[in-house]
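Working notes, beginning with the structure itself.
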Amino acid sequence: MRRIWIFLLIIAALLPCAAVAQTSDLDIDMDAGRISYQSRASATLSSALPLKDGTLLLVLREGDAVPDGPVAPDSDIPFPEVARKVTLLRIADDGSLLWTQTFGEAEGSVGLLPLCEAADGSVLALADHSVEQKLQYRQLRRFSMQDGSLIWSGDKQAAQEDTGERAYPVGDGYLWETIHDRGRSTTPRYYALHAADGTQRWQVDDTRTVPVLHTALTAPQGTLLMGNAWSDVAKDYNFCAALVDATGNVVWRKVYAELGASTFMCGAVSPTGQLAAVALVGSIDGPRQDVLVTLDAATGDLRAGDSWPAKDILPPTMIASGDGWLICAARRDDGKQPGFRFYTADANGKVTKEGDTSFAADYVLGPRLLTWSGALWMDYELRRPDAQICQLQRIQP
């Protein structure tokens, strides 16, 4: 296997800047493989979507001002999470900024998740609006990639006490999840796969697939639903996965009881269609391990893997890289400065190398891995007493 190693991530010095996302707030250095944004407000790089023409769509959320003073690493919410504005930025593969578009709400919090790119080049996204951290409604919106302008808004899906909706990007479309609180309703959850134009391709309910969905992935055999299912035998949750083909038939569904009490954390599919996943295994009060397993995507059969003590802040992220896998997670506070820990694994799920890097920051969030412009990238956030930095960094193979 061609081994992968991670060079230390270098943070460039950034000038103080205003809280509103503007061109001057960005520091783009493609030679160093870095796209940075610094804000005095609470800022989040909530999404990075590579587009078919080689450009990159970034989504920045920005909210209340960053409080003064140090941030405790174990804080549940170290900074205010009320995002007043969302800014779309489109960046060419040479690092030039093509355009920005900002919108927001007078009150409450606004969010935006890009789902997929349509045949005409527009992008469909899921917007949400919350007041006092309580979701009010979600809404599908379509944006032009010529200038970021809003083309169309769908009906507002009002949040109710026992129902709701979520969406997941899946290939050239998106998966729509209709949620019902099992404590209040006996109606199953439904998962529906849609094309970018909104056409529904299929619909299945969670009793035939995955009751607690965490992610949906595209494989040559169809759509992989991955999450957890309750085990009456173990009296705990187990890692669960299912494959749904292009016509909506459930090809297989597996609950991996052989792992014991386990929680799905992240997964990835290789270009050849091999599936790998990281699950947290162990009881709440007992020893816990991160376990990397490989699965046969065609059958769901569990193959060999590897494990290591659960010593990272969850959840991790992973991506297929070369003929193996790259896994990254925020490191727990072990007396070092905040940072990330990396793992590389071969095609069989055997961990081949481990390393980490640190930052001069009070807190780190993320990371997420993606492929753009022929290279691996990682986006993450550094939180400091006086500012917050959102960064997209190229990872050198």
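Position 1 is the first residue of the sequence, and the numbers go up from there.
Using a 4.5 Å heavy-atom cutoff, the side chains of Pro338 and Phe359 are not in contact. The side-chain heavy atoms of Ser96 and Leu98, taken from C-beta on, include a pair separated by under 4.5 Å.
Between Ala297 and Leu243, the closest heavy-atom pair is O-CD2, 3.4 Å. A pairwise comparison of heavy atoms in Arg384 and Ile389 identifies NH1-CD1, 3.4 Å as the closest pair. The two residues Leu295 and Gln274 have their closest heavy-atom pair at O-CG, 4.2 Å. Contact between Ala192 and Gln200 at its shortest, heavy atoms only, is CB-OE1, 3.8 Å. Considering every non-hydrogen atom in both Trp176 and Ala167, the closest pair reads CE3-CB, 3.8 Å. Smallest separation of non-hydrogen atoms from Ser153 and Gln139: CB-NE2, 3.6 Å.
By the rule that hydrophobic residues join a cluster once side-chain heavy atoms approach within less than 4.5 Å of another member, Val244 and Met226 end up as members of separate clusters. In this structure, Phe239 is a member of the same hydrophobic cluster as Val269, with clusters built from ILVMFWY side-chain heavy atoms closer than 4.5 Å. Hydrophobic clustering (side-chain heavy atoms under 4.5 Å, transitive across Ile, Leu, Val, Met, Phe, Trp, Tyr) groups Leu213 together with Leu193. Residues Val250 and Tyr190 do not share a hydrophobic cluster, defined by chaining ILVMFWY side chains whose heavy atoms lie under 4.5 Å apart. Cluster annotation: Val251 is not connected to Val210 through the hydrophobic network of ILVMFWY side chains, with a link wherever side-chain heavy atoms come within less than 4.5 Å.
Using cut-offs of 30° and 60° for the angle between ring planes, the Phe143 and Phe103 rings count as parallel. By the 30° and 60° cut-offs, the orientation of the rings of His194 relative to Tyr174 is parallel.
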Fill in: Verdict with reasoning, Phe340 to Val364, per side-chain contact (heavy atoms from CB on, under 4.5 Å)
CA-CA 8 Å; Phe340 300 114; Val364 295; 4.0 Å; yes
Practice prompt. Could you go through the side-chain hydrogen bond (donor to acceptor under 3.5 Å, both in side chains) check for Thr44 and Ser46 one step at a time?
Written response: CA-CA 5 Å; Thr44 302; Ser46 63; over 6 Å; no
Practice prompt. Give the C-alpha distance, both sets of side-chain angles, the deciding distance and a yes or no for side-chain hydrogen bond (donor to acceptor under 3.5 Å, both in side chains) between Arg90 and Thr55.
Written response: CA-CA 7 Å; Arg90 188 180 182 189; Thr55 61; 3.1 Å; yes
Worksheet item: Given the rule in the side-chain hydrogen bond (donor to acceptor under 3.5 Å, both in side chains) test, do Tyr37 and Glu381 qualify, once you have shown the distances and angles that lead to the verdict?
Response: CA-CA 10 Å; Tyr37 171 77; Glu381 299 159 33; over 6 Å; no
Practice prompt. List the steps, then state whether side-chain contact (heavy atoms from CB on, under 4.5 Å) holds for Leu45 with Leu58.
Written response: CA-CA 7 Å; Leu45 178 58; Leu58 298 181; 4.1 Å; yes
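Counting only distance, with no hydrogens or angles, the side chain of Trp99 and the backbone of Met145 share a donor-acceptor pair below 3.5 Å. Not one N or O on the side chain of Asp206 forms a donor-acceptor pair closer than 3.5 Å with the backbone of Thr209. Under the 3.5 Å distance criterion, the side-chain polar atoms of Asp128 are matched with a main-chain donor or acceptor of Gly111.
Qualifying ring pair (Phe, Tyr, Trp, His ring centres under 6.0 Å) partners for Trp152, counting only residues two or more places apart in sequence or in other chains: none. Looking at residues two or more places apart in sequence or on another chain, you find no side-chain hydrogen bond (donor to acceptor under 3.5 Å, both in side chains) involving Arg253.
Contacts classified as side-chain hydrogen bond (donor to acceptor under 3.5 Å, both in side chains) and involving residues 210-222 (residues at least two apart or in different chains) are given here: His214-Asn228.
Within 6.0 Å of the CD atom in Gln203, the count of heavy atoms belonging to other residues, nucleotides or ligands exceeds 12. Heavy atoms from other residues, nucleotides or ligands lying under 6.0 Å from CG of Asp53 number more than 12.
Screening Ile35, Leu369, Leu370 for a side-chain contact (heavy atoms from CB on, under 4.5 Å) with Asp379, the sole residue that qualifies is Leu370.
Separation of the Tyr191 and Tyr168 ring centroids does not fall under the 6.0 Å cut-off. Remark: aromatic rings of Phe264 and Tyr237 are distant, center separation not under 6.0 Å.
A salt bridge between Asp172 and Arg201 is present, with a side-chain N of the basic residue lying under 4.0 Å from a carboxylate O of the acidic one.
Between the side chains of Thr87 and Thr100, no donor N or O sits under 3.5 Å from an acceptor N or O.
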